[in-house]
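Any value given below was found using the heavy atoms of this structure, including those in side chains, with hydrogens, waters and symmetry copies removed. Along the sequence shown, residues carry numbers from 1.
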Amino acid sequence: MRARHLGPAALLLPLALSLAGCGGAPRAQGAGGGTGSGTDGKGSLTLNVGDQKGGSEALLRAAGELDDLPYKIKWSTFTSGPPLLEAVNAGAVDVGAVGNTPPVFAAAAKSKIKVIAATHSRADGEAILVRRGSPLKRPAQLKGKTIAVAQGSSAHYQLIASLKKAGLTPKDVTLSYLQPADALAAFTRGKVDAWAVWDPYTSQALDGAGARVLTTGQGVVNGLGFQVAAPAALDDKKKSAALKDYTNRLRRAQHWVFTHPDDFAKAWAKETGLPRKTALDAVRRTRGTAVAVAVDKPAVASEQRIVDAFAAQKLIPRSFRFGDFVDPRFNGDLPPSSTAPHTYGKAL
């Protein structure tokens with residue numbers, strides 16, 4: 001089932017809003033705050049999958065990986081990783097895709113989650129944005145400024161890491177914790193000085209919301225993204241088999257996106273209502289660069305550094321062993337997490 005194509009007046013709204021509809025049908029609220037966007041496949045087994053705007057569903061559909069599903073996938077779309085993982089913890093979702101930081105916050109809250117698969121992408125789409133007319137030219141000038149960010153999102157850590165690199169701490173700025181819809185509104189109205197965000201919001205804001213990049217996550221974040229599953233689903237023999245098949249489909253689809261950037265951008269734009277250029281920009285910056293990698297010891301160590309950084313800032317209630325929230329059963333013969341992402345050449 002496909003999302004409604006948005007008119008020009010709506011193109012500056014976050015992509016999450018454009019994915020909420022489904023082929024003219026009214027919106028249906030999914031458990032845990034997700035927005036239902038239909039079911040694919042056939043069979044008696046249903047895999048409940050949490051997704052984000054233009055995420056796994058769009059990728060799999062464009063690559064043709066939803067055409068022969070021997071089980072059903074029921075999709076629920078979330079605004080960002082933290083609410084998606086709340087649904088995983090509640091058992092409303094079996095698996096979902098998030099960035100590198102939501103599992104840290106979820107695990108710190110003792111949520112029932114397991115990281116089961118990973119990708120390594122370029123971090124050009126992880127950015128701190130300012131308006132084109134802003135006097136801010138470098139991250140050190142953020143001192144005393146107000147920055148919008150989704151709490152517990154991958155952008156949250158990118159912001160913390162970028163501030164540290166500039167010699168600042170979160171205490172030197174005012175963090176305005178906003179989900180993307182509210183953050184975009186605050187940004188375009190000048191209510192915040194900067195916005196820490198991720199693709200495709202980055203490309204969308206650069207192309208249509210008068211934004212420019214102050215700094216990106218390249219060189220300061222690990223570029224990892226994860227599939228996170230509910231332990232109960234992993235303990236179920238049939239669902240575990242479906243999860244293995246699902247992650248394999250994602251790996252094939254991700255490679256297809258890298259080799260067919262224009263085709264995916266065209267399909268993605270049609271699916272979401274994004275302008276074609278914006279979709280292609282996001283593919284070249286981030287989406288098409290992802291490489292499926294193993295959830296290995298270096299990946300766990302990299303995530304542990306995020307845990308330690310947030311614990312030191314008292315942004316999570318406790319430190320913990322990130323490895324306790326990893327299940328590597330689907331690693332197979334995947335390359336190490338340090339494998340370089342794909343690149344399309346000069347960054348946009």
Side-chain angles (χ1 to χ4, degrees), residues 3 13-22 27-39 47-59 73-117 125-126 147-160 175-187 195-202 204 224-233 272 303 306-307 310 315-317 322 325:
L13 292 175
L15 186 54
L17 299 182
S18 70
L19 283 184
C22 180
R27 293 175 180 177
Q29 291 301 314
T35 303
S37 58
T39 302
L47 201 60
N48 295 298
V49 179
D51 199 15
Q52 295 187 57
K53 47 277 168 198
S56 300
E57 180 182 1
L59 185 154
I73 291 179
K74 183 180 185 302
W75 300 98
S76 294
T77 305
F78 296 80
T79 58
S80 63
L84 190 161
L85 292 188
E86 289 176 11
V88 173
N89 178 58
V93 166
D94 295 316
V95 66
V98 297
N100 61 6
T101 303
V104 169
F105 275 75
K110 300 183 179 180
S111 296
K112 297 185 287 292
I113 63 167
K114 289 287 185 180
V115 173
I116 63 169
E126 293 271 356
I147 307 169
V149 64
Q151 186 174 21
S153 68
S154 59
H156 195 174
Y157 179 68
Q158 188 260 328
L159 173 59
I160 300 301
L175 299 183
S176 182
Y177 290 128
L178 298 171
Q179 287 295 318
D182 294 327
L184 176 63
F187 180 80
W195 182 17
V197 70
W198 60 94
D199 251 336
Y201 295 123
T202 298
Q204 194 176 22
L224 295 175
F226 298 113
Q227 292 291 326
V228 181
T272 64
E303 288 295 298
I306 299 178
V307 171
F310 278 111
L315 292 170
I316 56 176
F322 188 82
F325 294 86

Nearest 0.5 angstrom please: N89 CG to I113 CD1, how far? 8.0 Å

Nearest 0.5 angstrom please: K114 NZ to F226 CZ, how far? 14.0 Å

Please name the pair of heavy atoms, one in P317 and one in A108, separated by the smallest distance, quoted to 0.1 Å. CG-O, 3.9 Å

Minimum heavy-atom separation for A106 to L85, with atom names? CB-CD1, 3.8 Å

What is the distance from atom CZ of F78 to atom CD of Q179, rounded to the nearest 0.5 Å? 12.0 Å

If we only count heavy atoms from C-beta on, is the F322 to P103 side-chain gap below 4.5 Å? yes

Closest approach of G81 and V98, non-hydrogen atoms and distance? CA-CG1, 3.6 Å

Could you walk me through whether V95 and V228 pass side chain to side chain contact (heavy atoms under 4.5 Å, CB included), step by step? CA-CA 5 Å; V95 66; V228 181; 6.0 Å; no

Distance col, row W195:CH2 vs S176:OG, nearest 0.5 angstrom, shows 12.0 Å

Heavy-atom closest pair (A186 atom, L178 atom, distance to 0.1 Å) is CB-CD1, 3.9 Å

To the nearest 0.5 Å, how far apart are CZ in F105 and OG in S153? 8.5 Å

Evaluation steps, side chain to side chain contact (heavy atoms under 4.5 Å, CB included), between S80 and W198: CA-CA 10 Å; S80 63; W198 60 94; 4.1 Å; yes

So, do I316 and V307 sit near enough that their side-chain heavy atoms are less than 4.5 Å apart? yes

Indicate yes or no: at least one non-hydrogen side-chain atom of T39 is less than 4.5 angstrom from one of W75. no

Does some side-chain heavy atom of L175 sit less than 4.5 Å from a side-chain heavy atom of H156? yes

Could you tell me whether the side chain of D94 and the main chain of A233 form a donor-acceptor pair under 3.5 Å? no

Pairing donors with acceptors under 3.5 angstrom, does anything connect the side chains of T77 and Q52? no

Audit row: V104, Y157, side chain to side chain contact (heavy atoms under 4.5 Å, CB included) steps and yes/no: CA-CA 10 Å; V104 169; Y157 179 68; over 6 Å; no

Just verifying a value: how many Å separate E126 CD and N100 CG, rounded to the nearest 0.5 Å? 6.5 Å

List the atom of S56, the atom of D51, and the distance in Å for their closest heavy-atom pair. N-OD1, 2.7 Å

Shortest non-hydrogen contact from G54 toward T272: CA-CG2, 4.3 Å

Would you sort out whether V49 and V93 count as a side chain to side chain contact (heavy atoms under 4.5 Å, CB included), showing the intermediate values? CA-CA 6 Å; V49 179; V93 166; 5.7 Å; no

Keeping S154 on the side-chain end and G99 on the backbone end, is there a donor-acceptor pair under 3.5 Å? no

